[in-house]
Amino acid sequence: MEAFQLLSSGGVKFNKTKYEKDVRLFTKNKLTTKKRSLSNPSPDEIPAELDFFKYARNSTGKRKHIDSSSDRPRDKKRRFDEDKDDTDQETEGPEPQGTEKPQMKHKVTSRGNNIPEAIETFDHLRNEHQIPSQLLQNLPKNGYNHPTSIQSHAIPIILGSRDLAAISPTGTGKTLSYLFPIMTALQAPISSMKGEVGFGVRALVIAPTRELAHQIHNECLKLVQGRKWRTILFSKATASTLADKNVRDKVDIIISTPLRLVASLRAETFDLRNVRHLVLDEADRLLDAEFLSQVQEIVAACTHPNIQKAVFSATLPAGAEKIAMEMLRDPIRVVVGLKDTPLPLIQQSLTYVADDQSKLPSLLTSFAKPYNPPVLVFTSTQPRASSLAEELTLNGIQNVDCLHAGMTKKERDDAVSRMRQGQSWILISTEVMARGMDFKGVREVINYDFPTSVQSYIHRIGRTGRAGQEGKAVTFFTDEDAPFLKSIANVILQSGQTMPDWIIKLPKPSKMKRKAMGKVKRPEMVNNARKIGRQDAIRKRDMIAGSKRREAKQAAEKKQKSPMMDADNSS
DNA sequence: AAAAAAC
């Protein structure tokens with residue numbers, strides 16, 4: 001591994017400046033709207049409700065439509081609560097974007113009671129809210145000049161102390177949509193509040209991976225510049241620091257992965273009694289079977305009566321949405337674009353590689369040609385990621401890096417920072433990197449191994465095409481992957497692109513067959529692969545047994561369900 | 001439907 005790292009860190013230096021210009025989020029006004037997909041001649045083949053571009057073209061479609069915000073002056077001081085009745089409202093808002101150039105328009109659908117008006121600029125918030133001036137100044141300083149769709153809708157909702165389920169595509173600025181209003185709601189660091197707001201952390205953000213938690217924390221730090229906020233990235237080290245009550249009581253915001261926090265809760269070295277804002281980022285991941293009981297434990301520990309909860313994700317399958325909605329109180333649900341649909345500006349393609357052995361040659365061929373670094377490559381397992389990285393390096397490919405959860409924290413941190421600095425040209429990774437990670441230069445995602453769900457697919461390819469940039473996503477498929485091909489093809493179709501006829505005409509696989517396919521083991525590429533994560537397997541097994549027990553217990557004492565919102569548009 | 005992720 002050391003040798004490999006030496007190899008991969010040597011060689012030609014990557015030209016960072018090449019990317020700097022398009023690295024900034026939201027600064028650009030050059031949102032490219034000349035997407036090939038607009039010239040895509042196939043809208044007639046797309047079911048009406050899936051035709052994203054109909055809205056984008058501003059033709060009359062269904063009730064929901066996109067209009068240009070500049071055409072329609074809006075009443076900026078409209079009250080939040082004009083409409084007092086209790087029925088669900090459907091509101092549709094335009095994307096309040098800049099006016100210089102035609103921009104990507106997203107359809108936004110909000111549902112819930114008394115939905116606050118979307119904002120058009122960050123400044124407009126001052127009409128209704130006390131925004132700490134330092135916070136407002138930090139926005140443009142960090143490239144946030146104009147709110148994205150999700151930001152303009154979510155910010156007033158969170159500021160209105162409402163629970164929120166927000167679904168917005170990858171790379172559309174979800175992090176700021178909760179960090180900014182939460183900091184506004186907190187008003188000032190707790191250390192300056194002299195006990196008026198109780199003691200202990202007031203805002204908590206949960207994310208499924210360390211890397212994502214880290215990234216969110218970095219965003220946080222950008223926003224708090226200039227004031228003495230204490231924002232903490234929960235880790236072993238910080239957790240022990242926080243065992244001191246004097247330190248603990250002066251913390252404002254905590255970002256954590258679930259299990260880390262649960263460990264501290266169980267050890268009673270930490271409590272969440274003062275938490276008034278709870279965010280689940282990548283909510284569907286956090287609510288899936290493996291995380292659910294931990295998340296429930298965290299939610300249960302947040303005992304403050306006025307707690308506000310928000311869930312964010314780019315995908316929210318019906319099952320996860322149901323759980324989320326049961327957790328929320330009188331929630332507002334905001335969907336930007338179409339649920340479970342990737343961004344149209346990612347150019348997606350499927351590449352047939354007969355079998356597993358044929359993947360490596362195919363990949364080598366594509367890297368033998370000039371390509372646009374950095375490229376993110378996804379594999380299905382940790383050993384496959386390690387050995388593929390090794391294999392590429394052995395084949396003379398420069399600056400290949402590897403990142404999976406079997407590596408040490410330091411190795412992982414290093415891999416991320418090399419990627420951020422542009423030193424990695426190719427990063428081979430597992431699902432750890434699939435969600436939320438914002439590597440701004442990523443031009444291309446390659447699914448070396450077929451994703452195991454449409455959600456996984458959407459999140460993986462969403463590592464490119466961020467903040468209005470174009471991106472490319474290639475997915476290898478073998479004969480074994482065939483049964484799942486159609487579901488991915490549907491996703492591609494839904495995002496406005498064409499598919500070869502034969503894929504569209506693929507029969508829907510029977511449940512039996514899918515089950516059978518699932519049992520087929522992917523051959524391990526274990527030529528000289530390093531076995532990582534074996535020792536973890538034992539611990540993991542014990543852990544799963546433990547959480548199973550807890551689940552059973554919880555199921556037994558499960559209370560009656562609250563009325564839930566219906567889930568739509570999920571497959 | 002399944003591997004990876006969380007300490």
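In the text below, chain A, chain B and the rest are named by the order of the sequence lines, each starting its count at 1.
When the options A:R384, A:R460, A:R285 are evaluated for a salt bridge (charged side-chain N to carboxylate O under 4.0 Å, His left out) with A:E431, the one that passes is A:R460.
Listed nucleotides: B:dA3, B:dC7, B:dA6. Nearest to the side chain of A:R412: B:dA6. Residue A:Q294 places its side chain closer to B:dA6 than to any other of B:dC7, B:dA6, B:dA4. Of the candidates B:dA6, B:dA4, B:dC7, B:dA4 carries the atom nearest the A:E431 side chain, counting heavy atoms from C-beta on. Nearest to the side chain of A:F291, among B:dC7, B:dA3, B:dA6, sits B:dA6. Listed nucleotides B:dA5, B:dC7, B:dA6 differ in distance to A:R285; the shortest reach to its side chain belongs to B:dA5.
Atom CG in A:L265 sits roughly 13 Å away from atom C1' in B:dC7 (whole-Å rounding). Atom CG of A:L212 is separated from atom P of B:dA6 by 11 Å (rounded to the nearest Å). Whole-Å rounding puts the A:R460 CZ to B:dA5 C1' distance at 14 Å. Here B:dA4 presents its P atom at 19 Å from CD of A:E282, a figure rounded to the nearest Å. Following rounding to the nearest Å, A:D288 (CG) and B:dA5 (P) show an atom-to-atom distance of 13 Å. When the C1' atom of B:dA5 is taken as reference, atom CE of A:M437 falls 14 Å away, rounded to whole Å. A:H459 has its NE2 atom 16 Å from the P atom of B:dA5, to the nearest Å. Counting to the nearest Å, the P atom of B:dA4 and the CZ atom of A:R384 are 10 Å from each other.
When heavy atoms are screened at a 4.0 angstrom cut-off, A:P208 is found touching the sugar-phosphate backbone but no base atom. Residue contacts shown for A:S453 include a base, since a base heavy atom lies under 4.0 Å away.
Side-chain atoms of A:R435 and A:Q455 include no donor-acceptor pair closer than 3.5 Å. Between the side chains of A:T238 and A:S235, a donor-acceptor pair is found at a separation under 3.5 Å. No side-chain N or O of A:N490 forms a donor-acceptor pair with one of A:S487 less than 3.5 Å apart.
Between B:dA6 and A:T209, no contact under 4.0 Å exists linking OP1 or OP2 to a side-chain N or O.
Donor-acceptor pairing under 3.5 Å, judged by distance alone, is present between the side chain of A:E290 and the base of B:dA4. Not a single donor-acceptor pair, N or O on each side, falls under 3.5 Å between the base of B:dA4 and the side chain of A:R435. Judged by distance alone with a 3.5 Å cut-off, no donor-acceptor contact links the side chain of A:R210 to the base of B:dA5.
Side-chain N or O atoms of A:S313 include one that pairs as donor or acceptor with a backbone N or O of A:T315 at under 3.5 Å.
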